[in-house]
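Take a look at the structure set out below.
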2 protein chains.
Amino acid sequence: MVRSPVMADDSRLLSIAGVERETGLGKDVLRVWEKRYGFPAPERDVHGDRVYPMDQVDKLRLLRRLIDDGLRPGKIVGLPISELLSLHERATRNASPAHGCTEPELQEFIELLSSHRIDEFRLALLARLMRLGLERFVLDIAAPLCTLVGDAWARGTIQLFEEHMFTEELTRVLRGTLQSLARPSGDSARPRVLLTTVSGEPHAIGLLMAETLMSLNSCDCLSLGPQTPEGDIAQAAIARQADIVILSFSAWFNAQQVGAVLTRLRSLLPAQCEIWAGGRNPGLQRDQPSGVTIMTELREISAAITAWRRRHDR
Amino acid sequence: MVRSPVMADDSRLLSIAGVERETGLGKDVLRVWEKRYGFPAPERDVHGDRVYPMDQVDKLRLLRRLIDDGLRPGKIVGLPISELLSLHERATRNASPAHGCTEPELQEFIELLSSHRIDEFRLALLARLMRLGLERFVLDIAAPLCTLVGDAWARGTIQLFEEHMFTEELTRVLRGTLQSLARPSGDSARPRVLLTTVSGEPHAIGLLMAETLMSLNSCDCLSLGPQTPEGDIAQAAIARQADIVILSFSAWFNAQQVGAVLTRLRSLLPAQCEIWAGGRNPGLQRDQPSGVTIMTELREISAAITAWRRRHDR
DNA sequence: CTCATTTTTTGTCCTAGACAAAACAACCGT
DNA sequence: ACGGTTGTTTTGTCTAGGACAAAAAATGAG
């Protein structure tokens with residue numbers, strides 16, 4: 001009953017379900033784009049089922065990125081890949097004009113990564129960590145690297161498995177360091193913070209960076225890991241009497257759903273429990289419901305904690 | 001264009017997309033079951049869209065578990081929840097008859113978890129780790145606890161966010177310990193192992209346990225984290241010249257797709273690169289393609305490594 | 001009891017159409 | 001020139017009903 005492998009399972013062809021997994025675009029969207037814009041234009045296999053060549057999948061990935069950045073499908077689906085690339089180039093430049101200065105320094109990491117010198121890569125990370133200290137490491141190295149690697153992947157410069165290697169190694173370094181931090185003693189430490197991502201957002205690295213900074217500022221952190229359903233986030237926050245719930249939204253998450261998710265969560269959580277949402281998701285830059293603090297930059301966290309403490313000081 | 005929150009967004013009702021996220025059952029399946037078996041029987045909102053009450057969602061979750069265990073939809077969708085529960089009871093008992101003896105000991109952990117005494121929980125884990133040593137900790141505590149927690153969740157005994165807490169804490173303990181293990185020196189260490197899960201399998205904890213055991217046996221491990229697409233697994237294995245690719249399949253993963261995935265991977269990977277697949281997924285117990293080693297129990301790993309070394313010794 | 005063959009079950013894909021919310025454009029009054 | 005109200009277009013998600021191959025179960029023959 002599984003429809004997939006007809007026989008000639010050319011590894012450069014994907015079924016519609018495969019494309020959904022790879023691009024995050026639903027089957028319905030793929031079909032309706034095909035009808036409306038004439039793209040994608042999959043071939044058909046023996047049964048008449050859609051079969052997508054890899055280059056179209058690549059284009060779809062790119063399209064999704066651009067749409068999340070705020071461009072509209074109708075305007076860009078017809079464009080050739082070369083133009084899409086230059087559009088994306090421009091968009092990323094606009095979004096983070098500041099990090100141009102550190103880029104040559106970070107480029108070295110990318111090269112280690114794409115030549116698969118993993119051990120050297122890890123050592124380079126650790127060296128930076130030692131030299132800069134944990135806070136500056138997170139702010140100046142880890143966070144920019146994440147966006148850089150994400151962009152490089154969207155542009156096709158690096159492979160997805162190389163991004164996975166990157167995430168894994170960075171996770172190791174951060175988790176290792178985090179563990180050696182003294183945990184604040186039980187009741188006294190405030191704010192009490194709950195960290196997680198919502199269902200549909202599998203990336204936990206942003207969470208880990210946030211947790212690192214929070215722990216450095218001696219907050220009482222509890223992470224639920226990625227993909228907690230909304231109802232369970234609320235239950236956990238209440239059980240833990242959390243002061244703040246921190247959510248991370250990566251560029252992968254559907255930007256149009258961010259608003260709806262935050263609104264629902266705001267209504268599920270107790271009023272005195274704050275929501276801080278951060279990450280590289282373009283949806284965060286649009287209007288968001290009141291009662292939710294949007295933090296586009298990790299830098300803002302330290303100040304925000306100080307502000308919270310001042311507010312709750314008597 | 002987002003259809004979801006019509007207005008009266010009763011938090012005990014879910015749209016069809018929400019049910020898909022929560023249960024892992026696709027929209028098509030939900031609709032076709034409704035037509036064929038009369039269940040689920042969602043209400044309709046103002047637009048005529050399906051709206052699922054929570055109790056039906058719970059039943060659907062349970063149904064999925066039972067179907068993965070090998071039961072057939074047509075036989076069980078009509079049954080009331082109580083009967084489904086007793087069926088599941090019996091199935092889990094049959095599957096792991098051995099771990100009954102350790103259960104009272106593990107029960108203590110479950111209680112700490114469901115009363116949210118996280119710090120005590122972590123300390124209890126660490127205490128066991130110290131007492132038993134890493135290998136026995138993984139085999140006798142961590143692995144059985146994972147299945148126990150998974151079952152408790154399916155049965156409704158614990159909340160999902162409590163399972164998340166569990167996973168997170170166990171991950172911390174294991175990663176922390178793993179890091180302090182001496183890494184085998186570059187070229188000499190064999191086998192070279194690549195660990196990951198395929199797209200659609202988000203659970204990485206089994207991977208971590210496997211990696212722990214492999215590292216204890218001084219293999220050269222590289223983890224890609226969860227959800228690497230098949231093509232990228234192959235690329236990474238080739239780039240790394242991996243001797244073994246280890247894949248983990250949890251009960252969450254669709255049991256019927258395991259075979260197809262393994263077949264495709266087998267054809268993508270070089271012949272001299274072995275595939276070891278493990279985890280609690282019922283699909284692994286069915287017939288699997290040749291050229292793939294199925295390991296139902298973590299215990300088998302050490303012996304398998306020894307066997308591999310003997311085979312490649314000259 | 002084993003193996004090959006038919007029948008039933010079941011998941012996924014197909015087409016074609018509907019519609020509300022989001023995004024955009026046009027307008028107006030200050 | 002700018003903020004708010006209106007109307008129009010775009011776009012994602014849902015609906016319906018039908019088709020079909022692969023898996024599983026049932027059947028039959030040796």
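All chains are named by letter (A, B, ...) in the order of the sequence lines, taking the proteins before the strands, and each is independently numbered beginning at 1. Worth saying up front: this structure is predicted, and the values here are computed from it rather than measured. Side chains included, hydrogens not; waters and symmetry mates left out as well; all remaining heavy atoms used.
Atoms CG (B/L30) and C1' (D/dA16) sit 16 Å apart, rounded to a whole Å. Per the geometry, CZ belonging to A/R64 stands 15 Å off C1' belonging to D/dT11, to the nearest Å. The NZ-C1' distance, from A/K75 to C/dA25, rounds to 11 Å in whole Å. Note: OH (B/Y37) to P (C/dT9) measures 8 Å, nearest angstrom. Across the protein-nucleic acid pair, A/Y52 atom OH and C/dC14 atom C1' stand 11 Å apart, rounded to whole Å. One can place CZ of A/R44 at 12 Å from P of C/dC13, the figure rounded to the nearest angstrom. In this structure, CG of A/D28 is placed 13 Å from C1' of C/dT12, rounded to the nearest angstrom. In this entry the distance linking CD of B/E20 with C1' of D/dT15 reads 15 Å, nearest Å.
In this structure, A/D68 pairs ionically with A/R64, as a charged nitrogen and a carboxylate oxygen lie closer than 4.0 Å. A salt bridge links B/E34 with B/R44; the closest basic N to acidic carboxylate O contact falls under 4.0 Å.
An OP1 or OP2 oxygen of C/dC13 is reached within less than 4.0 angstrom by a side-chain nitrogen or oxygen of A/K27. When the side-chain nitrogen and oxygen atoms of A/R31 are compared with OP1 and OP2 of C/dC14, one or more of them lie within a distance under 4.0 Å.
Taking the nucleotide of DNA chain C with the nearest heavy atom to each of A/L71 and A/R50, the more 5' of the two is matched to A/R50. Between A/A17 and A/K35, the residue anchored nearer the 5' end of DNA chain C, judged by the nucleotide with its closest heavy atom, is A/A17.
Counting only heavy atoms from C-beta outward, the side chains of B/S15 and B/V51 never approach each other to under 4.5 Å.
For A/H47, taking side-chain heavy atoms from C-beta onward, the closest of the listed nucleotides C/dA21, D/dA21, C/dC14 is D/dA21. The side chain of A/P73 lies closest to D/dG12, out of C/dA23, D/dG12, C/dA21. The side chain of A/R36 lies closest to C/dC19 when the candidates are C/dC19, D/dA19, D/dA21.
In this structure, B/D69 CG and B/N281 CG are separated by 9.5 Å, a value rounded to the nearest 0.5 Å.
Formation of a donor-acceptor pair under 3.5 Å by the B/T197 side chain with backbone atoms of B/Q227 is found in this model.
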